[in-house]
Every structure is written in C-alpha cells, then in structure tokens.
There are 2 protein chains.
Amino acid sequence: MANKSCIIRLSRYRNALMRLKALNFVKVFSENLADAARVTAAQVRKDFSLFGISGNRRGGYLVEELLEQINRVLGKDKLQKFIVVGVGNIGRALLNYPGFKKNEIELVAGFDIDASKHNREAEVPIFLLEELNDFVKDNGIKFGIISVPDFAAQQILELMIQTGIRGILNFAPICLKEPEDCVIRNLNFETELENIIYFTNVTEKTEVR
Amino acid sequence: MANKSCIIRLSRYRNALMRLKALNFVKVFSENLADAARVTAAQVRKDFSLFGISGNRRGGYLVEELLEQINRVLGKDKLQKFIVVGVGNIGRALLNYPGFKKNEIELVAGFDIDASKHNREAEVPIFLLEELNDFVKDNGIKFGIISVPDFAAQQILELMIQTGIRGILNFAPICLKEPEDCVIRNLNFETELENIIYFTNVTEKTEVR
DNA sequence: CTATTTATGTGAAAAATATCACAAAAGACT
DNA sequence: AGTCTTTTGTGATATTTTTCACATAAATAG
C-alpha cells in the first residue's frame, strides 16, 4: 500500500509535469521526474507501478496522460474544499495563498472565535466559530485546517470531527491524535526549523573530518 | 545515525516536556512521551538510546534533565537566528509568528525585492534583497527561510548559499536541490493538502468494507 | 527484416526503520 | 534483607522502504 512519502512524491511528479505541460513538452522519462522530485528513477517507476500507472517502454511517458493518471490518484479530478479554523497569522496567510486555486484546492471559508475577524463580505468569508457546524454540513465539506493556538487545538479538533470533517492539517504546535476514520497531519514550523538546525550542524561536523 | 523522523520525534518529546515542566511535573515515563508524540514507548527509548540519553530504571526520566539533554541535541542551548527571504503571505506570517521566540529560534530580518515592503523600523526589520549578503555576513547567520514565488526560488537559493547560509526551509512550491554541505527542507502546502485528500479518501474506502 | 539501442516494469536483494521481548536495575513493600 | 514490581535499555526480529539488476517491449538504424 502507498505510504505518505509515496504520495508526497506523486505530488512532486505532478508539480513537475504541470511545468512541463506549460512548456508544451509531450514526453517525459522517469529520469527527468526523478531529477525534479530529487529521487531515483527506479523509485519513480516503482511508485507508478504501485498505482498501475504505466508508460511506453523505450518511449517514456506522455506528459498529458501521466498527469491525468496522477490527478486521479490524488483526487484532483474534482475540486476539494477546505475550511480554515483560526484566522491568525497562519490562517490568514493560507486564505490568501494564491497557489491553491489553480490546483483544484479551494479554501472556502475561515472561522474564528474572535468577532472582530468576522467578515461575511470578504472574498473568502470569515465566519464565527458558532457557524462552523452548519456551514460544513450545508456544504458537505470534508477537509479542514487548524491554525489556532495550541490550547484550543484539541477542542477545535473535536468540533470539526463532529461536524463531519474527515481530513485535517494541523498547524497548532501540539500533536493531535488521529481518531478512528479520520486523517490528521501535524505540521509544526518549529519542528521543521529544529530539523534544519540539527542536520545543518551534523553536516558541518561531518564535513570537517 | 539519526534520521529525519527521529529528530521530528525528539522535537515532539521536547514539546511535551515543556508542557510538563510548566505543570511542575518532575518525572516522566517513556509511555507518557509516547502518547504525546503518537509513537510507541519502545520507540521513545530507542530514540534516546541513539543519543546516549538515559533515565532511571523503574524511575522514568527527570523532566528537567531530559529536556536539557534533548535541547543539547537539537541545538537549543543557544539562540538560532534565521532570516526570511520573501515577505509575502507566508513570509509575513512567519515573521509575526509568536511561537519561535520562546524556543531559542529568532527570525531576525526579512528581505524582499519589493521596495514597498522595506521597513527598517519594524520590530523585525524588512530590508531590500541587495542588503542580504552584508547582513548575513555581518551577523554570522547560518539559517534561512525561502518564501518567494516558485520562479524566483532557485536564484534566491544560490544567493543565500553564496552569503554563507547553510540550512534552509523552502516554502516555494518547487523542489530545490540540496547543494554540497547545505541542508534544505522543501515544504509545500499543496503537497500537504494532497496528502490529506488522498489518505482521507483511502480511509473512507477501506472503512466501507 | 534483423540487430541494436534504450526505457520501462518488476521480482529479488539490500538498507533503513520500527517493534518485540526480556534481562537488568532500582524503588517499594513486607 | 529479601521479594516483588515496574520501567528502562537494547539485542534480536520483523516490517517497511528503497535500490538493484535485468528481462521485456518498442523504436530506430542498418
């Protein structure tokens, strides 16, 4: 079965393919995608084989066709709607991030407990937290982003699950537990920076000798 | 040798320990940390053993002591300074993110090619891109964050490396190549969301049968 | 039309990572 | 002081993930 890294790689291949398509490329080889995603060519082919994606021996892959197949795997054949709970620094940045729209991902609304952030008229409207339940149910939203402070995260999680949300990206700096039949990815900026700090120091040390 | 996931886990243990410390906890067991980081207790102990971190048989670990040891591994025994290149949505959100300060990470300056974002007087000053080289060299900065649009990322990377930066977190939606003796972590919001979409759909499907 | 070249697709092998399971240490209890 | 209980620390084992290597298919050249 596909694991997380495998799906990350598929996203990266897709990314590269989109660029190639924009440049009117027709064919691509596993080697090229490997370069773009910083992996080996064998890995690319193994990944494809896992999803029954196949190309042409000696001929590589057709960009258009491959893209379509990856899109199907990644659920990019239809628009996926997310809501954002917590319109602070990060929440706002995400809501304004222009990269999503062109990739079948749409952040359709923000929610915040603070009434001063409330704004029904904005391009992406910001509602009060109380309105979350109705909005999610009325619009059949399946995905959400948590960008509230750590102390509120667990409670927001429970609320989101109750409303019917099934996939969550959590930016709050606390590791949320994945409930049954729900997917959570915990992403923490500090942790990311600490990773960089650690490996930069290790690299330096090994470089010396 | 320690791998990336291992360091992520250490960060999570640390996070939990900070909370425990704030609650005046003195002791902690591998089991507790496992719960906090969503892993097994054996994993926690294995991770510690890798870094020669040890506790007391039957007595668990002393919160204070353990925290100190993890801090040493993660380079938290001194303040680590980062600069941010690209003061758009994400760059600005990071610069304003309050979580870093209390954890020995400081974003000390932003840089942008757009003069209208220039602001020497802000709490965290925003300089022109031209000033990057001098600033990094004068202040001995080792770490940076890239939050520019995709088309500019490669060029900014090269510039940053030239100035002497050795560890980079890249938010631009393109997979940057790690040059010799430099550490890069590529983080892409879309990719993260695509991951959630995929696994949420898979979970649903497996739930059905 | 045959030989040659070049990529794919995939079992088999290797490497990396996580779990198990249990001996050893140390506090607790009698 | 001795027994019991609990939790660590870690080899051994299992699992997961990646890489290798090569048979296979298709295009091209002679």
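Here is the naming used below: chain letters follow the sequence lines, and residue numbers restart at 1 for every chain.
- Within residues 43-63 of chain A, the residues approaching DNA chain C are A/Arg45, A/Lys46, A/Ser49, A/Ser54, A/Gly55, A/Asn56, A/Arg57, A/Arg58, A/Gly60, A/Tyr61, by heavy-atom distance under 4.0 Å.
- Rounding to whole angstrom units, CG of residue B/Asn3 and P of D/dT17 are separated by 13 Å.
- Taking atom CG on A/Asp35 and atom P on C/dA7, their separation rounds to 13 Å, with Å as the unit.
- At whole-Å resolution of the value, NZ in B/Lys27 and C1' in C/dA28 are 11 Å apart.
- A salt bridge is absent between A/Arg38 and B/Glu178; no separation between the charged side-chain nitrogens and carboxylate oxygens falls under 4.0 Å.
- Side-chain contact between A/Leu107 and A/Lys81 is absent, with no heavy atoms from C-beta onward closer than 4.5 Å.
- For the pair A/Ser30 and C/dT8, the criterion of a side-chain N or O lying under 4.0 Å from OP1 or OP2 is met.
- Using modelled atom types, one side-chain atom of A/Asp112 and one backbone atom of A/Asp114 make a donor-acceptor pair closer than 3.5 Å.
- Between the side chain of B/Gln80 and the backbone N or O of B/Gly75 there is at least one donor-acceptor pair closer than 3.5 Å.
- Taking atom CZ of residue B/Phe29 and atom P of nucleotide C/dG27, one finds them 12 Å apart after rounding to whole Å.
- The shortest side-chain heavy-atom distance between A/Leu193 and B/Ile145 falls under the 4.5 Å cut-off.
- Spacing between atom CG of A/Leu66 and atom P of C/dT8 amounts to 11 Å, rounded to whole angstrom units.
- Ion pairing between A/Glu123 and A/Lys101 holds under the 4.0 Å rule for side-chain N and carboxylate O.
- In this structure, CG of A/Leu33 is placed 14 Å from P of C/dA7, rounded to the nearest angstrom.
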